[in-house]
Amino acid sequence: MIDTNLLKSDPKKIAKQLISRNYQLDIQQYESLEKKRKKHQTETEELQARRNLLSKEYGALKKEGTEDKTLNKKIEILKKDLDNCSKKLADIQSSLKDFLLDIPNIPADSTPIGKSEEDNIKIRDFGKPNISGGKDHLDITSLINIDVGNILAGSRFAVLIGKIAKLHRALICFMLDKAAEHGYEEYYLPMIANTQSLTSTGQLPKFSEDLFQLTDDYYLIPTAEVPLTNIYRDQIIQLSDLPFKMTAHTTCFRSEAGSYGKDTRGLIRQHQFEKVELVQICHPNKSFDALETLTSHAESILQELNLPYQVVELCSSDLGFSSAKTYDLEAWIPSQETFREISSCSNCTDFQARRAKIRFKEDGISHFVHTLNGSALAAGRTLIALIENYFDQKNTISIPNVLQDYTKFKTIEV
RNA sequence: GGAGAGAUGGCAGAGCGGUUGAAUGCACUGGUCUUGAAAACCAGCAAGGGGGCAACUCCUUCCAGGGUUCGAAUCCCUGUCUCUCCGCCA
């Protein structure tokens with residue numbers, strides 16, 4: 001949620017900033033709702049104050065054993081007015097809340113303005129991509145079986161077998177250990193979240209169609225960012241305890257509504273995938289530095305795996321709903337002869353903190369923290385990158401040294 | 001699934017339907033004392049929102065949502081969660 005004080009003081013500026021990410025802010029609607037809210041709130045509160053006063057009077061009289069007919073009549077009328085007024089207020093407040101929950105985060109000043117992903121900016125790269133192409137992961141090994149996934153569940157599900165399943169698991173363990181080295185505390189989490197958690201991080205109410213919903217208040221999580229960030233929901237944190245650095249491996253579930261026909265082949269876009277997530281909760285004036293280090297933590301994994309990648313800074317229109325600034329890490333996928341997103345590291349500033357009411361106190365005043373998250377990394381896509389980049393184009397996938405302690409084998413013969 | 005108990009401020013823990021936004025203790029902050037610290041003593045200390053240039057003032061909140069009442073932390077109903085016992089069980 002964006003800061004309503006900003007919205008009140010300079011709505012045109014906010015509107016302009018939001019235009020850069022393709023969001024049309026309806027200032028008129030906001031101001032009209034806000035005006036009504038103020039009117040009804042003042043009115044309701046005045047009536048409440050009067051009620052409290054009259055009730056005291058009534059009580060005092062009752063103690064004496066006397067009764068005042070005109071007072072009773074006054075109270076009766078007041079109750080009706082109050083009832084009316086507070087109902088209207090509740091309606092307006094709920095509309096106002098819906099309006100505010102719909103507005104995306106404001107892009108950071110440093111986020112480049114752009115109209116599409118074409119305007120994203122490459123910041124740096126690592127390694128030499130093999131531009132001569134190559135077989136794709138499904139052609140390389142039959143230990144990834146899409147057909148069985150289809151039988152068991154449906155499209156966009158896969159089954160990993162034998163050494164590939166082990167390699168996949170090794171990757172996750174390696175990533176968690178790297179996160180620990182960088183000072184992140186490991187969590188094991190529920191992979192189901194409720195409406196409130198998903199609203200806090202920004203998936204709801206706007207993007208419900210992207211989620212798998214189980215029942216009324218149960219959804220499968222699309223990322224560990226949701227439970228990790230919500231750990232501190234509704235809390236006032238001791239300043240001295242900040243920052244929090246947390247990591248978790250979870251399965252992630254995405255309905256991929258709206259991406260029909262996109263990335264239909266192979267493991268690249270599945271309904272279910274594994275991911276190790278990094279989350280930081282920090283002081284507002286440290287969050288942009290924290291984004292740089294968090295991104296470097298994610299990068300270190302690609303570096304140790306010696307996978308060619310590039311770091312791309314997303315432009316305003318390509319930002320996720322909750323993010324003010326995002327770096328995508330894109331790994332080289334030989335068969336596609338292109339870089340594909342393998343991690344997305346975002347500074348959500350106070351946007352999620354405001355929704356989740358995560359605060360800290362400084363000099364007696366409470367402020368919202370800043371929250372950051374990033375994948376380190378998406379395991380399924382890392383697996384693809386590994387298989388394709390480490391395939392000798394004949395019959396052997398070699399295992400990077402850093403993973404051999406985990407896999408206990410050095411090659412996969414296919 | 002059955003039976004019972006509970007949910008109050010950062011934490012622990014009181015609380016008769018009306019001077020209770022809430023006793024008390026701990027923690028925390030400031031001060032006195034001390035070479036410094038500790039102890040002791042004194043003072044302060046919930047959150048969110050409205051109005052006002054301001055001093056200030058008003059409203060809401062004691063798990064959530066309804067209800068009873070002139071008035072609810074306190075009474076009633078529903079839901080959620082926690083704990084104890086029984087049953088079942090990875």
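All of these numbers come straight from a predicted model, not from anything done at the bench. Numbers restart at 1 for each chain; the letters A, B, ... are given by sequence-line order, proteins then strands.
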Undergrad: Provide the full list of ring pair (Phe, Tyr, Trp, His ring centres under 6.0 Å) pairs with a residue in residues 69-97 of chain A, sequence neighbours left out, each pair given once.
TA: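 Those involving residues 69-97 of chain A do not exist here.
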Undergrad: Rounding to a whole Å, what distance do you find between Glu76(A):CD and U69(B):P?
TA: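 Result: 12 Å.
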Undergrad: Which pairs, protein N/O on one side and nucleotides 60-63 of chain B N/O on the other, fall under 3.5 Å?
TA:
from   : atom 1 : to       : atom 2 : distance (Å)
U60(B) : OP1    : Arg51(A) : NH2    : 2.8

Undergrad: Got a sec, which residues hit salt bridge (Lys or Arg N to Asp or Glu O under 4.0 Å) with Glu313(A), two or more places apart in sequence or on another chain?
TA: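 Partners of Glu313(A) under the salt bridge (Lys or Arg N to Asp or Glu O under 4.0 Å) test: Lys325(A).
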Undergrad: Can you name the residues that form a side-chain contact (heavy atoms from CB on, under 4.5 Å) with Glu31(A), not counting sequence neighbours?
TA: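 Expected list: Pro11(A), Ile27(A).
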Undergrad: Taking atom C1' of G48(B) as reference, at what distance in whole Å does atom NE2 of His367(A) sit?
TA: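 Interatomic distance, NE2 of His367(A) to C1' of G48(B): 15 Å.
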Undergrad: Any salt bridge (charged side-chain N to carboxylate O under 4.0 Å, His left out) involving residues 225-242 of chain A? Give me the pairs, sequence neighbours left out, ordered by first then second residue.
TA: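 Listed by first then second residue: nothing to list.
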Undergrad: Near RNA chain B, counting only heavy atoms under 4.0 Å, which residues of residues 80-92 of chain A show up?
TA: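 Contacts with RNA chain B under 4.0 Å: none.
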Undergrad: Show me the pairs that pass ring pair (Phe, Tyr, Trp, His ring centres under 6.0 Å) and involve residues 34-81 of chain A, at least two apart or across chains.
TA: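 Those involving residues 34-81 of chain A do not exist here.
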Undergrad: Excluding sequence neighbours, so at least two apart, what forms side-chain contact (heavy atoms from CB on, under 4.5 Å) with Asn84(A)?
TA: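 Residues passing side-chain contact (heavy atoms from CB on, under 4.5 Å) with Asn84(A): none at all.
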Undergrad: Heavy-atom contacts under 4.0 Å between residues 194-204 of chain A and RNA chain B, which residues?
TA: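 Nothing qualifies; none.
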Undergrad: How would you list all residue pairs meeting salt bridge (charged side-chain N to carboxylate O under 4.0 Å, His left out) that involve residues 349-359 of chain A, not counting sequence neighbours?
TA: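 Salt bridge (charged side-chain N to carboxylate O under 4.0 Å, His left out) check on residues 349-359 of chain A returns Asp3(A)-Arg354(A), Asp350(A)-Arg354(A).
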Undergrad: Please tabulate, for the side chains in residues 89-101 of chain A, all donor-acceptor contacts under 3.5 angstrom to protein atoms that are two or more places apart in sequence or on a different chain.
TA:
from     : atom 1 : to       : atom 2 : distance (Å)
Ser95(A) : OG     : Asp91(A) : O      : 3.0

Undergrad: So what does the secondary structure string of RNA chain B come out as, 5' to 3', with Watson-Crick or wobble pairs under 3.5 angstrom, [ ] for crossing and | for pairs with another strand?
TA: ((((((((.[[[..)..(.....]]].(((((.......))))).((((((....)))))).[[[[[..)....]]]]])))))))....
